[in-house]
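Here it is, the structure, as C-alpha cells.
Values reported hereafter were calculated over all heavy atoms of this structure, with side chains retained and with hydrogens, waters and symmetry mates removed. Note on naming: letters A, B, ... go to the chains in the order of the sequence lines (proteins, then strands), and numbering restarts at 1 for each one.
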Amino acid sequence: MNICLSSPAKFSPLRPSSRVLVPSSPKQPSPSLSLQPPSNPQPLNSRLITAHLDAGRLREAISALDSMAWSGSYPDLVTYALLLKSCIRCREFHLGRHVRRRLEESGIEPDSVVLNSLISLHSKSNDWEEAEEVFWSMGSDKRDLVSWSAMISCYATNNKEMEAIALFLDMLQEGFSPNEYCYTAVIRACSTAKTARIGDAIFGFLMKDGYFDSDACVGCALIDMFVKGRGDLRSSLKVFNKMSERNVVAWTQIITRCTELGHPEEAVNLFVDMLLEGCIPDKFTISAVVSACSDLGLLPLGLQLHSWAMRSGLHSDVCVGCCLVDMYRKCGACGSLSDSRKVFDQMPSHNVMSWTAVITGYAQCDGSKEAVELFLEMIRGPIRPNHFTFASVLKACASSINVETGVQVYAHTVKLGLSTDNCVGNSLVSMFARSGRTEDARKAFESLFDRNMVSYNTILDAYSKNLNSEEAFSLFHEIESMGMGPDAYTFASLLSGAASVGAISKGELIHGRIVKSGLHFNECVCNALISMYSKCGNVEAAFRVFDRMGDKKNVISWTSMIMGFAKHGFSERALETFREMIELGMRPNEITSVAVLSACSHGGLASKGRMYFESMQKDHGITPRMEHYACMVDLLGRSGSLVEAFEFISSMPFEANELVWRTFLGACRIHGNVELGKKAAGMILQKDPSDPAAYILLANLYASSGRWEDMAEIRKKMKLKNLTKEAGCSWIEVKDTIFKFHVGDSSHPQAREIFNELDRLNTKIKKLGYVPNTDFFLHDVEEEQKEQYLFQHSEKLAVAFGLISTPRPKPIRVFKNLRVCGDCHSAIKYISMATDREIVVRDANRFHHFKDGKCSCNDYW
DNA sequence: GTAGGGTTAG
C-alpha cells in the first residue's frame with residue numbers, strides 16, 4: 001500500500017478549517033483588578049471572579065468567591081454558572097461541589113441555567129443520585145429541554161441505560177419534542193446489547209425526524225450504537241455514508257471503530273477517502289490511523305504519518321505520541337523497542353497514557369526489567385499510575401523471577417485505592433498464573449471483588465496450561481451454571497489444554513459444546529480447533545475445520561494449518577498452503593515464517609528453506625528473529641551441512657542464544673560429529689551452566705560414538721551439579737482417560753497383559769527383520785541387558801497398551817514428552833506392519849505416522 | 001447550561 005500524504009502545507013493547521021482545532025482560549029494579560037480596593041463590592045467582586053476564570057485561574061476565582069462569602073456578599077447567578085462550567089471543564093468536581101455549597105449558603109434562588117450546570121457537574125463526577133436529586137427538585141417551570149437532556153445523558157453515561165430511556169419517554173409525555181442533544185443522549189443509552197431493540201425503534205423515529213443526517217453528533221452516536229451494542233460495522237458505515245455533515249469527528253470515529261472491530265485496512269481506506277474529500281485530520285484522526293497501522297504492521301504508512309505529524313506540529317500532542325510509541329513497538333522487529341522508546345523520550349510532556357504505553361511495550365516484549373524501572377521512575381514523578389498502568393506492570397512481573405516485585409506493585413494499588421478494580425485484580429490472577437503459581441492465582445481469584453468472564457477465563461486457562469483438566473472443567477461448569485458464558489476465550493483455553501495432552505476425545509466433546517453454543521464460526525475458536533486437532537494427531541480433522549472457515553481465515557488460521565502439516569511431515573502440503581495464502585493476498589507474520597521454515601526442515605528441503613529464508617525478508621518484510629535462525633540451523637544441520645550451519649551461526653547479526661546452539665548440538669548428535677558438538681555444548685553451558693539439555697545431548701553424542709568414558713564423565717558432572725534430566729514418559733488416551741507410562745513401568749493395573757503383548761510383538765517383529773539398535777541405550781552394559789531395557793521404553797509400553805485396549809481400524813495415538821528414541825522408532829515401524837494398525841506418535845518435536853512398516857518422517861527427524 | 005473522537009486484564 002502506498003499512500004501519499006502530500007505536502008503538509010495542504011493540511012497545515014496554520015490554515016485550519018473553521019470546524020477543526022478550535023484554539024484553546026488565548027491567555028490574556030492578567031488584569032490588575034486585584035490591586036484595586038473594592039469600592040462597590042458585589043459587582044466588582046463578580047467581575048474579579050470572571051477575570052480569574054477568563055485567565056484560566058480557577059483556584060484564584062474560588063478564593064475570591066470564598067472571601068466574598070466571608071464578608072457576607074455573593075456574586076450573581078451568571079457568575080455561579082460560569083464558575084460551575086469552569087469546574088466541569090477542568091474536571092475539578094470537588095471545587096464544583098464547593099461552589100454549590102456557597103450558592104446554597106447565599107440563599108439566592110438558582111435559575112435553570114445554574115441548576116442544569118449542577119446536573120452536569122454531578123453527572124460528570126459519576127454521582128448520578130445527586131444529579132437526580134437536583135433534577136427532580138426543579139419545578140416544572142424550571143425544568144426545560146436542557147435539563148431533560150442533561151439528566152438523560154447522566155443516566156446514559158452512568159450505566160443506567162433503562163433509566164435514561166424511561167426518562168426520555170417521560171419527557172415525550174410531558175410534551176417536549178427532543179432536539180439533537182436529547183437524541184444523542186438517548187442513543188448512547190441504546191448502545192448496549194440489552195437496549196439494542198429500543199435503539200432500533202428510536203432509529204426509526206429519527207429517520208422520520210431527519211435529525212440523523214443533519215447533525216454530526218447524532219450520526220456519531222448512531223455509529224457507536226451499532227458498533228458497541230452489536231458489533232454491526234455495516235450499519236454503522238451505512239449511517240456514516242448517509243450523513244450530510246461529516247466533520248472530522250465523524251470521520252475519526254468511523255476510522256476508529258473499523259480498527260476496533262478488526263478491520264484496520266478499511267480504516268486506512270476511509271482515511272484516504274477523508275483526505276480526498278478535503279477534510280483535515282486532527283490529532284485524534286492521526287492517532288486513530290496510526291493505531292490502524294500498528295494493527296496492520298504497516299510501518300511505511302506509520303512512518304509517513306509520523307513525519308507528517310512532525311511537520312504539522314501534532315507530534316507534540318500526548319495522544320499522538322502515545323499511538324506512535326505503540327506503533328513502533330508493534331511494527332518494529334520484536335525485541336527492538338528503540339524507536340518506540342525514542343518517541344517516548346522526545347515527547348514534550350507525558351500523561352498516564354504515554355507512560356502506560358511505553359511500559360506496556362516493554363511488558364509485552366519480554367522487557368520486564370525496563371518495564372519495572374520505568375514504573376519506578378513514573379511513581380517518583382507527579383503522574384499517578386492508573387489501572388491500565390498496573391495491568392501492564394503486573395504483566396511484566398509475570399515470571400517466576402519477578403513475581404515478588406509484582407506482589408509489591410500490587411501493594412501499591414492498595415495504597416492508591418485501585419486494588420478493587422476488576423482489571424487490576426484480573427492482572428494479579430494472570431501474573432500468578434503465568435508464573436506457574438496456580439495456588440496463588442486461585443487465591444487471588446477467590447478474593448476478587450467482582451468476577452467477570454475475563455476473571456474466569458484467566459483462572460481456567462491457568463488450570464488448562466497446568467494440565468489440570470478436572471479443575472478447568474469444573475470452572476467451565478460453574479461458568480455455564482451462572483448463565484454468563486462460556487465465551488470464545490473459555491473454549492480456546494479448554495481446547496489448548498486438551499491439545500497439550502493430546503486428549504482428542506475431550507477435544508471432540510468440547511467441539512460438540514462449541515457447536516451447541518453457536519460459537520463454531522468464531523475465528524478464535526476455529527483456530528483453537530485447528531490447533532487442537534492437529535496437536536492431537538488428526539490433521540485431516542484440523543483441515544476440515546480450516547476449510548469450513550472459508551474467507552474468515554486469518555493469519556493465525558493459515559499459520560496453524562501450515563504448522564500442522566509441517567509437524568505431521570506433510571511438507572509439500574504445508575508449502576502449498578503457504579503459496580495459496582500468499583496468492584489470496586494474506587500477509588504472513590513472523591510465526592508463519594517459522595512454520596514454513598520448519599516444514600522445509602522436517603521435509604529435508606534444504607534449498608527450498610534457504611529460498612524461503614531469503615524471501616521472508618525480501619518479499620514480506622519480516623526481519624528474522626532468533627527462532628528463524630534456529631530453524632535454519634536445524635534445516636542445514638539436519639541435512640548434514642554441519643559446517644555450513646556453523647558458519648551460518650557465526651554470520652548472525654546478533655549473538656546466538658541457547659536455542660540455536662541446542663539445535664546445532666542436536667544436529668551434531670544425528671551426524672555423530674563429536675568435535676562440533678563439544679563446541680556447541682560449550683557455548684550452551686557458557687550461557688546457562690546448569691542446562692541439563694546440553695549435558696544430555698552431549699552424553700548421547702558420546703554414547704552413540706561409543707565413548708563411554710567421556711559419557712560417564714558427563715554423568716558425573718551432572719550428578720555433582722545435581723542436575724536431572726526430565727524423565728521420559730509417554731501417554732495414551734483410552735476411553736476418555738489418559739494413561740501414562742515411564743520406562744519399565746509396571747504400575748498399570750493391566751501391566752501383566754501389557755508385558756505379555758510386548759513379548760509377543762518382540763518375537764513377531766524380529767521375524768520380520770527388526771534388529772534392536774542398542775546404540776540408543778546410554779549405559780555401558782551387556783548387549784542382552786540393553787535390549788531388555790530398550791523393549792520397556794515408555795513409548796513401546798503405551799503402544800502395546802493401545803493395541804490391547806482399542807479395536808482394530810482405530811489409529812493408535814501415543815504422546816511422548818521427549819523425542820522418540822531411534823530404536824523405538826524402528827520397532828514401531830515393524831509393529832505397524834505386524835499388527836496392520838496405524839500408529840501415530842507425537843514427540844516433543846513432531847508427529848510420526850507409522851503405517852505398513854513406514855513412517856511419515858522418512859526416518860528424518 | 002445539555003452531545004461526540006485515543007491506551008487496558010483473558
Ring centers of A/Trp148, A/Phe168 separated by less than 6.0 Å: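 No, they do not, as the ring centres are separated by 6.0 Å or more.
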Closest to side chain of A/Thr184, choosing from B/dA3, B/dG5, B/dT7: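 For the A/Thr184 side chain, the nearest candidate turns out to be B/dA3.
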Length of the line joining A/Met378:CE and B/dT7:P, which is rounded to integer Å: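 Nearest whole value for this atom pair: 17 Å.
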Sugar-phosphate only, base, or nothing, as touched by A/Asp326 at under 4.0 Å among non-hydrogen atoms: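 The residue A/Asp326 makes no contact with any strand.
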Nearest-0.5 Å distance that lies between atom CG in A/Leu222 and atom SG in A/Cys217: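 Answer rounded to 0.5 Å: 11.5 Å.
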Reported CG-to-CG distance for the pair A/Leu237 and A/Leu270, which is rounded to 0.5 angstrom: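 The CG atom of A/Leu237 sits 6.5 Å away from the CG atom of A/Leu270.
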Whole angstrom value for the distance that separates C1' of B/dT7 from CG of A/Asp295: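 So the CG-C1' distance, A/Asp295 to B/dT7, works out to 12 Å.
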N or O in side chain of A/Arg188 less than 4.0 angstrom from B/dA3 OP1/OP2: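 A/Arg188 to B/dA3 OP1/OP2: no side-chain N or O under 4.0 Å.
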Side chain of A/Glu180 - closest among B/dG5, B/dA3, B/dT8: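 My answer, after comparing the listed nucleotides, is B/dA3.
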Closest to side chain of A/Cys220, choosing from B/dG4, B/dG10, B/dT2: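 Shortest atom-to-atom distance from the side chain points to B/dG4.
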Selected nucleotide, minimal atom distance to A/Ser430 side chain, candidates B/dT2, B/dG10, B/dA3: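 My answer, after comparing the listed nucleotides, is B/dG10.
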side-chain N/O A/Gln253 vs B/dA3 OP1/OP2, d < 4.0 Å: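 No.
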Among B/dG4, B/dT7, B/dA3, the nucleotide that comes nearest once only the side chain of A/Asn247 is considered: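 My answer, after comparing the listed nucleotides, is B/dG4.
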Touch class at under 4.0 angstrom, heavy-atom based, for A/Cys423 against every strand present: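 Base contact.
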Sugar-phosphate, base or nothing in reach of A/Ser427, heavy atoms under 4.0 Å: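 Touches sugar-phosphate only.
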Residue A/Ala391, side-chain atoms from C-beta onward, closest of B/dG5, B/dA9, B/dG6: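 Of all the options, the side chain of A/Ala391 is nearest to B/dA9.
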A/Arg100 bridged to A/Glu130 by N-O distance under 4.0 Å: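 Yes, A/Arg100 and A/Glu130 are salt-bridged.
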Touch class at under 4.0 angstrom, heavy-atom based, for A/Asp421 against every strand present: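 Nothing, no nucleic acid heavy atom in range.
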Under-4.0 Å side-chain N/O to phosphate OP1/OP2 contact, A/Lys465 with B/dG10: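 False: A/Lys465 side-chain N/O out of range (4.0 Å or more) of B/dG10 OP1/OP2.
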Proximal nucleotide (of B/dG5, B/dA9, B/dA3) relative to the A/Thr285 side chain: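 Nearest nucleotide to the side chain: B/dG5.
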Selection from B/dT7, B/dT2, B/dA3 that lies nearest to any side-chain heavy atom of A/Ser149: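 The closest nucleotide is B/dT2.
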Check: A/Asp224 side chain, B/dG4 base, donor-acceptor under 3.5 Å: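 It does not, because no donor-acceptor pair links the side chain of A/Asp224 to the base of B/dG4 below 3.5 Å.
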Rounded distance (Å) that lies between atom P of B/dT2 and atom NZ of A/Lys142: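 Interatomic distance, NZ of A/Lys142 to P of B/dT2: 18 Å.
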A/Arg257 side-chain N/O to B/dG6 phosphate OP1/OP2 under 4.0 Å: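 So the side-chain polar atoms of A/Arg257 do come within 4.0 Å of the phosphate oxygens OP1 or OP2 of B/dG6, strictly under.
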Proximal nucleotide (of B/dG10, B/dA9, B/dG4) relative to the A/Cys217 side chain: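 Of the candidates, B/dG4 comes closest.
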Ring center gap for A/Phe375 and A/Phe390 short of 6.0 angstrom: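 Yes.
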Touch class at under 4.0 angstrom, heavy-atom based, for A/Asp111 against every strand present: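 Touches nothing.
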ring-ring contact (aromatic ring centres under 6.0 Å, His included) involving A/His350 - partner list, sequence neighbours excluded: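 Partners of A/His350 under the ring-ring contact (aromatic ring centres under 6.0 Å, His included) test: A/Phe344, A/Trp355.
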A/Arg434 side chain near B/dG10 phosphate (N/O to OP1/OP2, under 4.0 Å):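 Result: yes.
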Nucleotide nearest A/Phe388 when distance is taken to its side chain, options B/dA3, B/dA9, B/dT8: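 Of the candidates, B/dT8 comes closest.
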ring centroid sep under 5.5 Å plus plane angle under 30, A/Tyr181 with B/dT2: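 The ring of A/Tyr181 is stacked on B/dT2.
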Residue-phosphate contact under 4.0 Å: A/Ser120 side-chain N/O, B/dT2 OP1/OP2: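 So the side chain of A/Ser120 is within the cut-off, an N or O lying under 4.0 Å from OP1 or OP2 of B/dT2.
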Side-chain donor/acceptor of A/Thr458 to base of B/dG10, under 3.5 Å: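 Checked by distance alone, the answer is no.
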